Amino acid sequence: MARAIAICNQKGGVGKSTTAVNVGAYLALSGKKTLLFDLDPQGNATTACGISRKDLKQDSYAVLVYSVPIQDAVRSTTIERLSIVPASLDLAGAEIFLTGVENRETVLRRLCEPVVSQYDFLLFDCPPSLGLLTVNALVASDSTLIPVQCEYLALEGLNALMHAVSLIKQSLNPSLRVGGIVLTMTDFRATLAREVAGEVKKFFKDLVFNTAIPRNIRLAESPSFGKPICLYDPHSSGALAYQLLTQEVIEKESAVTT
């Protein structure tokens, strides 16, 4: 059965899509059959995987709103064993649709049931909000991976997200756990970055991954070329960091299932 991970933070610009795509890519390169589900109407993960959003026939909106089988919406990527359910701009209307659906928080979990035995990992790239799309991802997941940028107010947003995860665990998904917090866009030459990282580690201790993702030009460029960093510049500092992070993810998830 696939391990399902929601990559989420209600704050935008923290590296959610970058993390989803690159962890997905390195999971696939590690031999894990991985399905990336783009739940963000901005579709950054879709673009970063080299898929044009203009010619999509089936996408995550069709899956959620019209109950199109996930298998019909899956697209292969340039990396063997990594597939994606892409997102179009239509997905912005899914929140409105879901508000009128019975058991609206569990729609995604039900739709994923036919494919969980076909993959080793399901990754949900969530939008920058705590709306119904993110809630659906959390209900459908075993754990969360939370990217946090080392900047002012990071802890405030992180506490709100932790509270939301706790509520969902209590009421909708008892098996949900915080899989880990990853510090992103780090530059530890800056005093603020060091201070924020220290505060996050002080409050959340072992939940913080050992690997931090550096602020890296090659990493920032790779989505515009439609390539994960492992294809765009596999020797960059960003590539090395995501490779190490992915190994931590595998080890943590394996420890839970054994």
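These values consider heavy atoms only, across backbone and side chains, with no hydrogens, waters or symmetry-generated copies. In this text, all values refer to a predicted model and were calculated from it rather than measured experimentally.
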Original post:
To the nearest 0.5 Å, how far apart are CD in Glu105 and CG in Leu132?
Top reply: 6.5 Å
Original post:
Short question: side chain of Gln42, backbone of Pro127 - any donor-acceptor pair under 3.5 Å?
Top reply: no
Subject >> Thr134 (side chain) donor-acceptor with Ser129 (main chain) under 3.5 angstrom >> reply: yes
Subject >> Closest non-hydrogen atom pair, Gly238 against Asn216 >> reply: N-OD1, 3.6 Å
**OP:** Could you tell me the separation between the CG atom of Leu27 and the CZ atom of Phe121, rounded to the nearest 0.5 Å?
**Re:** 5.0 Å
Original post:
Taking the side chain as C-beta and beyond, is there a heavy-atom pair between Phe209 and Leu145 under 4.5 Å?
Top reply: yes
Original post:
Do Gln247 and Ser30 meet the criterion of a side-chain donor-acceptor pair at a distance under 3.5 Å?
Top reply: yes
Original post:
What pair of heavy atoms forms the shortest contact from Val196 to Glu151, and how long is it?
Top reply: CG2-O, 3.6 Å
**OP:** Quick one: pull up CG in Leu158 and NE2 in His163 and give me the separation to the nearest 0.5 Å.
**Re:** 13.5 Å
Original post:
Pairs in or reaching into residues 215-232: which pass salt bridge (Lys or Arg N to Asp or Glu O under 4.0 Å), with residues at least two apart or in two chains?
Top reply: Arg218-Glu221, Arg218-Asp233
**OP:** Answer yes or no: is there a donor N or O on one side and an acceptor on the other, between the side chain of Glu95 and the main chain of Gly131, under 3.5 Å?
**Re:** no
Could you give the side-chain donor-acceptor pairs of residues 57-68 under 3.5 Å, partners two or more places apart or in another chain?
from, atom 1, to, atom 2, distance (Å)
Asp59, OD1, Tyr61, N, 3.2
Asp59, OD1, Ala62, N, 2.9
Asp59, OD2, Ser88, OG, 2.4
Ser60, OG, Asp38, O, 3.0
Ser60, OG, Pro86, O, 3.3

**OP:** Answer yes or no: is there a donor N or O on one side and an acceptor on the other, between the side chain of Thr186 and the main chain of Leu183, under 3.5 Å?
**Re:** no
Original post:
Just by distance, do the side chain of Ser143 and the backbone of Arg177 share a donor-acceptor pair under 3.5 Å?
Top reply: no
Original post:
When you measure from the side chain of Asn103 to the backbone N and O of Thr106, does any donor-acceptor pair fall under 3.5 Å?
Top reply: no
Subject >> Within one Ile-Leu-Val-Met-Phe-Trp-Tyr cluster: Ile213 and Leu231, side-chain cutoff 4.5 Å >> reply: yes
Original post:
Between Leu138 and Cys8, which heavy-atom pair has the shortest distance, and what is it?
Top reply: CD2-SG, 4.0 Å
Original post:
Are any of the side-chain heavy atoms of Val178 and Phe204 separated by less than 4.5 Å?
Top reply: no
Which atom pairs, donor and acceptor, lie under 3.5 Å between side-chain atoms of residues 13-26 and protein residues at least two apart or in another chain?
from, atom 1, to, atom 2, distance (Å)
Lys16, NZ, Asn9, O, 3.3
Lys16, NZ, Lys11, O, 3.2
Ser17, OG, Asp125, OD2, 2.7
Thr19, OG1, Gly15, O, 2.7
Thr19, OG1, Tyr242, OH, 2.8
Asn22, OD1, Ile229, N, 2.8
Asn22, ND2, Thr18, O, 2.8
Tyr26, OH, Ala239, O, 3.3

**OP:** Compare every heavy atom of Asp120 with every heavy atom of Gly31, then report the nearest pair and how far apart it is.
**Re:** O-OD2, 4.0 Å
Original post:
Going hydrophobic residue to hydrophobic residue with side-chain gaps under 4.5 angstrom, can you get from Val135 over to Val101?
Top reply: no
Subject >> CG/Leu167: more than 12 non-hydrogen atoms of other groups inside 6.0 Å >> reply: yes
**OP:** For Leu219 and Pro214, work out which heavy atoms get closest and say how close.
**Re:** CD2-O, 4.1 Å
Subject >> Residue among Thr144, Asp142, Val249 satisfying side chain to side chain contact (heavy atoms under 4.5 Å, CB included) with Ile5 >> reply: Val249
Original post:
Between Val74 and Val115, is any pair of side-chain heavy atoms under 4.5 Å apart?
Top reply: no
Original post:
So does Phe188 have more than 12 non-hydrogen atoms from other groups sitting under 6.0 Å from CZ?
Top reply: yes
Original post:
Taking atom CG of Leu108 and atom CZ of Phe37, what is their separation to the nearest 0.5 Å?
Top reply: 5.5 Å
Subject >> Side chain Thr77, main chain Leu82, donor-acceptor under 3.5 Å >> reply: yes
Original post:
Quick one: do Leu123 and Val148 end up in the same hydrophobic cluster if we chain Ile, Leu, Val, Met, Phe, Trp and Tyr together by side-chain heavy atoms under 4.5 Å apart?
Top reply: no
Original post:
Mind checking whether Val182 and Leu176 sit in one hydrophobic cluster, side chains of I, L, V, M, F, W, Y counted as touching below 4.5 Å?
Top reply: no
Original post:
Roughly how far, to the nearest 0.5 Å, is the CD atom of Gln243 from the CG atom of Leu29?
Top reply: 8.5 Å
Original post:
What is the minimum heavy-atom distance between Leu39 and Cys126, and which atoms define it?
Top reply: CB-CA, 4.4 Å
Subject >> Donor-acceptor pair, side chain of Thr46 and main chain of Ala87, under 3.5 angstrom >> reply: yes
Original post:
Quick one: does Arg104's side chain have a donor or acceptor within less than 3.5 Å of a partner on Thr99's backbone?
Top reply: yes
Subject >> Side-chain heavy atoms of Leu56 within contact of Ile51, under 4.5 Å >> reply: yes
**OP:** In sequence, state the C-alpha distance, the side-chain angles, and the governing distance for Lys32 and Arg3, and then conclude on side-chain contact (heavy atoms from CB on, under 4.5 Å).
**Re:** CA-CA 11 Å; Lys32 308 294 185 183; Arg3 297 294 300 170; over 6 Å; no
Subject >> Sidechain-backbone polar pair: Thr47 side chain, Asn44 backbone, donor-acceptor under 3.5 Å >> reply: no
Original post:
Hey, what do you get for OG1 (Thr34) to CD1 (Ile84), rounding to the nearest 0.5 Å?
Top reply: 12.0 Å
**OP:** Taking the side chain as every heavy atom from C-beta outward, state whether Gln71 and Pro114 have any atom pair closer than 4.5 Å.
**Re:** yes
